[in-house]
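Data block below; observations after.
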Amino acid sequence: MSDEIAAAKKDARGENVIPGPSPNPSTNLIIHDILLRSAGRLTRQTLEKALLGRQYGSKFAKEVVENRSLVQTLAAYGVTKFATKSVPGAVLVGAGLLAKTIFDRSTTRRRSRRSGERALRKQSKGETAV
């Protein structure tokens, strides 16, 4: 399928065609976009649950991942979009993540872990995590 997309087919009139179930290329593009985004979301949620589940148990991990607030979801989406649009954006986001990691490591390990676990517990209960 990706070969067909890379070398767009020509229809009977000699026009480029986006492969898919509809004769309308715009509809096919929307269908492909929805499928790709759905697969990406399922993969991401599965990985997040697996990573948390190893340490905290699968039930707790499921609650944390599924009770993410709208603000958290939009913030993650916005930062990801910003980081993927340009190299300076990626550098800025990477520097922010590095700064947060250094800050977390500057506090005692126990305090940092307690703070993170407290936020996860709030999120698993559907409360707003800070």
Side-chain angles (χ1 to χ4, degrees):
M1 185 82 162
S2 64
D3 292 336
E4 288 179 324
I5 293 171
K9 297 188 303 183
K10 303 264 184 185
D11 69 1
R13 295 179 309 256
E15 296 177 3
N16 289 336
V17 176
I18 296 176
S22 173
N24 183 332
S26 179
T27 301
N28 288 333
L29 189 60
I30 291 169
I31 291 169
H32 289 108
D33 187 40
I34 291 169
L35 289 173
L36 286 171
R37 289 178 191 271
S38 298
R41 181 171 183 198
L42 288 173
T43 302
R44 184 177 58 254
Q45 285 184 340
T46 302
L47 287 172
E48 289 171 346
K49 289 175 188 176
L51 290 170
L52 284 171
R54 291 191 65 162
Q55 186 168 358
Y56 299 104
S58 60
K59 183 179 179 205
F60 180 78
K62 181 180 179 195
E63 290 172 355
V64 169
V65 172
E66 292 179 359
N67 285 327
R68 186 172 290 136
S69 73
L70 183 60
V71 172
Q72 290 171 317
T73 302
L74 291 175
Y77 176 78
V79 169
T80 303
K81 194 77 163 171
F82 182 71
T84 57
K85 282 192 172 251
S86 67
V87 173
V91 170
L92 189 63
V93 170
L97 293 173
L98 179 64
K100 174 63 173 143
T101 302
I102 291 170
F103 173 77
D104 287 346
R105 288 181 171 262
S106 71
T107 62
T108 64
R109 183 173 289 234
R110 184 175 288 165
R111 177 189 277 171
S112 183
R113 175 166 277 184
R114 272 196 316 249
S115 173
E117 288 178 348
R118 190 176 314 118
L120 288 176
R121 277 194 305 276
K122 282 184 177 182
Q123 189 171 331
S124 76
K125 294 175 185 174
E127 299 173 10
T128 304
V130 179

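- To the nearest 0.5 angstrom, Leu42 atom CG is 14.0 Å from Arg37 atom CZ.
- Annotation: the span from Ile34 atom CD1 to Leu29 atom CG amounts to 10.0 Å, rounded to 0.5 Å.
- Side-chain atoms of Ser112 do not come within 3.5 Å of backbone N or O of Thr108 as any donor-acceptor pair.
- Closest approach of Val65 to Gln45, counting heavy atoms only: CG1-CG, 4.0 Å.
- Rounding to the nearest 0.5 angstrom, the gap separating the OG1 atom in Thr27 from the NE2 atom in His32 is 11.5 Å.
- The shortest heavy-atom contact between Pro21 and Ile31 is CG-CD1, 3.8 Å.
- Contact annotation: the side chain of Val64 approaches that of Phe60 to within less than 4.5 Å [non-hydrogen atoms, C-beta and beyond].
- A donor-acceptor distance shorter than 3.5 angstrom exists from the side chain of Thr80 to the backbone of Ala76, with no hydrogens or angles considered.
- Ala39 and Thr43 get closest at one heavy-atom pair: O-OG1, 2.8 Å.
- Interatomic distance, NZ of Lys81 versus CG of Leu74, reported as 13.0 Å (0.5 Å rounding).
- Across all non-hydrogen atoms, the minimal contact from Gly53 to Ala61 is N-CB, 3.5 Å.
- Contact detail for Val93 and Ala83: the closest heavy-atom pair is CG2-CB, 3.7 Å.
- Taken together through direct or relayed side-chain contacts under 4.5 Å among Ile, Leu, Val, Met, Phe, Trp and Tyr, Leu97 and Phe82 form part of one hydrophobic cluster.
- Other residues, nucleotides and ligands contribute more than 12 heavy atoms inside 6.0 Å of the NZ atom of Lys49.
- Arg113 contributes atom CZ, which lies 15.5 Å from atom CZ of Arg111 (distance to the nearest 0.5 angstrom).
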